[in-house]
Amino acid sequence: MKLSLVAEVSLPEGVDAFHLPKTALVAGDGALWGVVNVKDHDEWETWIVRADREGLSHHALSASDVEDVFSGQVIVDVGGGSVAVVLSTDAVRVLDAACSVVADHVIEGARELRQAELQLTPSTARGERGGAYVLRLGSRFGARTLVPLRIDLTAGLASWGTPFGLDPSAYPVDRYGSDDFDGNGDPTPPIVGDVANFDGGILVSTEGSNEFVLRYGADFFTVDRVNEDGSVAERIHEQFGWKRMPGKHGWQGRLTSDGDAVIVTPVFSSGEWKGKQRILSFADGSFEALSMPRGASKSTLLDVRDGRAWLFDGRTRLLYCDLSGE
């Protein structure tokens, strides 16, 4: 896959884009949304940013909007160029294409999520089914729970649905070497790297069973189409057996906003790909290597939609590119 530079957009100096890869989405109008932190006069702010070919706009969250500057937010593509930003399990804010606040809504059912110790993780929600989007919740070590979020912009209502996990028996869990795991606990659902609710059903990428992937490596990676009860309707791709191979292995998967592919990012620089991203196409199951624009070889592919892609150069530039087969 070849990426050809169309435009570049500058981020402010002092930006920390740690959450950007997990919160980036390309809306239907081609604009990129994401979450970054910006340091100004020794103070950190959380910004919701929107980039298009004309430049960058942003909405700065106040201290009352977030638990702390590095807490997780979820960006929901609600269509029409607008997004809903889930600030916490209690509140959602709707922003228009100018990054102006359209409305703030209280989310019903937050108390039940807190009792279950479910927290927001930096992520996105794309694709609505029956008025509900699907979000991944969990802890900072890994999200294992999916929760529907119903948003009615006309009525000004938002509410959480019933949480559910993926069926543990459907995944190739491998505790080879034990990792201090005694095997006596109940099986737990896999870690969900990304989720999107497209026409064909709920798509998920899973990133193994181990929350401490940097220490131990992952045991598997899958891309699945799942049902609303967490059962697997179709396995699209699967890698497993990593625990029994030399070295540590792990992939992170980001579903593209057009629903056509998964951006796969190796956790470790060892292995055949040397840490480089590839695109897993749903059409034929192939992995496509990326040919980056000149001067952007170390950039991170954030999202793809309708033949266009957005990159982050790892410093202060967002790159808007054409995407084509070589």
Side-chain angles (χ1 to χ4, degrees), residues 19-35 72-86 92 120-138 142-151 160-161 163-166 170 189-207 221-238 251-265 277-283 285 301-310 323:
H19 288 168
L20 181 61
K22 287 288 188 182
T23 59
L25 66 79
V26 179
D29 59 2
L32 177 81
W33 292 84
V35 178
Q73 291 83 39
V74 181
I75 296 184
V76 184
D77 183 2
V78 295
S82 298
V83 298
V85 182
V86 187
V92 62
L120 290 183
T121 59
S123 54
T124 62
R126 293 149 294 166
E128 159 286 310
R129 182 188 300 266
Y133 302 84
V134 180
L135 280 64
R136 60 187 193 96
L137 275 70
R144 299 179 186 268
T145 304
L146 300 177
V147 189
L149 175 62
R150 184 174 297 276
I151 301 175
W160 293 109
F164 64 96
L166 301 179
I191 295 171
V192 179
D194 198 15
V195 58
N197 200 354
F198 293 118
D199 290 341
I202 303 172
L203 289 177
V204 297
S205 66
T206 72
E207 299 173 356
F221 173 90
T222 74
V223 181
D224 304 302
R225 185 170 283 107
V226 302
N227 300 311
E228 295 179 357
D229 62 355
S231 60
V232 175
E234 178 188 2
R235 175 132 300 159
I236 298 171
H237 184 82
E238 180 179 74
W251 287 353
Q252 295 175 342
R254 284 280 296 150
L255 299 157
T256 59
S257 287
D258 54 20
D260 292 338
V262 176
I263 302 167
V264 178
T265 304
Q277 293 176 301
R278 294 199 178 185
I279 294 180
L280 169 60
S281 170
F282 292 155
L301 177 60
L302 298 174
D303 197 6
V304 174
R305 187 163 182 165
D306 299 330
R308 293 291 175 89
W310 281 92
L323 183 68

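Treat the numbers as computed from the prediction; the structure is a model and nothing was measured.
- For the atom pair CG of Leu302 and CG of Leu32, the computed distance is 6.0 Å after rounding to the nearest 0.5 Å.
- When only modelled atom types and interatomic distance are considered, Thr256 and Asp260 share no side-chain donor-acceptor pair under 3.5 Å.
- A side-chain donor-acceptor contact under 3.5 Å links Arg136 to the backbone of Pro122.
- Here the side chain of Arg235 pairs a donor or acceptor atom with the backbone of Ala170 at under 3.5 angstrom.
- In this structure, the side chains of Arg225 and Ile236 come closer than 4.5 Å at one or more pairs of heavy atoms.
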Using the side-chain contact (heavy atoms from CB on, under 4.5 Å) rule, take Leu280 and Val223 through it: C-alpha gap first, then chi angles, then the decisive distance, then the call.
CA-CA 10 Å; Leu280 169 60; Val223 181; 4.2 Å; yes

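- In this structure, His237 and Trp251 have parallel ring planes: the angle between them is below the 30° cut-off, well short of the 60° mark.
- Scanning both residues, Ala125 and Val134, for their nearest heavy atoms gives CB-O, 3.8 Å.
- Ion pairing between Arg254 and Glu207 fails under the 4.0 Å rule for side-chain N and carboxylate O.
- Proximity of a side-chain donor or acceptor of Trp310 to a complementary backbone N or O of Leu25 within less than 3.5 Å is not detected.
- Distance check: Arg129 CZ to Ile202 CD1 gives 6.5 Å after rounding to the nearest 0.5 Å.
- Here CZ of Phe282 is found 5.5 Å from CG of Leu255. Values are rounded to the nearest 0.5 Å.
- From Asp77, atom CG reaches atom CG of Asp29 across 8.5 Å, with rounding to the nearest 0.5 Å.
- Side chains of Ser257 and Asp303: a donor on one and an acceptor on the other come within 3.5 Å.
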Working note: Gln277 + Thr265, criterion side chain to side chain donor-acceptor pair (under 3.5 Å); need CA distance, chi angles, decisive distance, verdict.
CA-CA 5 Å; Gln277 293 176 301; Thr265 304; 2.9 Å; yes

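- Under the side-chain contact (heavy atoms from CB on, under 4.5 Å) test applied with Leu166, the options Asp224, Leu146, Thr222 reduce to a single match, Leu146.
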Walk me through it: do Thr121 and Leu137 pass the test side-chain contact (heavy atoms from CB on, under 4.5 Å)?
CA-CA 6 Å; Thr121 59; Leu137 275 70; 5.9 Å; no

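- Taking OG1 of Thr23 as the reference point, atom CD of Gln73 lies at 8.5 Å (rounded to 0.5 Å).
- Counting non-hydrogen atoms of other residues, nucleotides and ligands closer than 6.0 Å to CD of Glu228 gives a total of 12 or fewer.
- For Gly81 against Trp33, the heavy-atom pair with the smallest separation is O-CZ2, 3.7 Å.
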What's the verdict on side-chain contact (heavy atoms from CB on, under 4.5 Å) for Trp160 and Leu149, showing C-alpha distance, side-chain angles and the deciding distance?
CA-CA 5 Å; Trp160 293 109; Leu149 175 62; 3.8 Å; yes

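- Scanning all heavy atoms of the two residues, the minimum distance from Pro163 to Thr145 falls at CB-CG2, 3.7 Å.
- We find the CG-CG distance between Leu203 and Asp194 to be 9.5 Å, quoted to the nearest 0.5 Å.
- Nearest heavy-atom pair, Ala84 versus Val92, reported as atom, atom and distance to 0.1 Å: CB-CG2, 3.8 Å.
- Scanning both residues, Ser205 and Gly253, for their nearest heavy atoms gives OG-O, 3.1 Å.
- Between Val35 and Ile75, the closest side-chain pair of non-hydrogen atoms falls below 4.5 Å.
- Arg144 contributes a side-chain N or O that, together with a main-chain N or O of Pro189, makes up a donor-acceptor pair within less than 3.5 Å.
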Given side-chain contact (heavy atoms from CB on, under 4.5 Å), test Val76 with Val85 step by step and report yes or no.
CA-CA 6 Å; Val76 184; Val85 182; over 6 Å; no

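- Judged purely by atom type and a 3.5 angstrom limit, Asn227 has no side-chain atom pairing as donor or acceptor with the backbone of Asp229.
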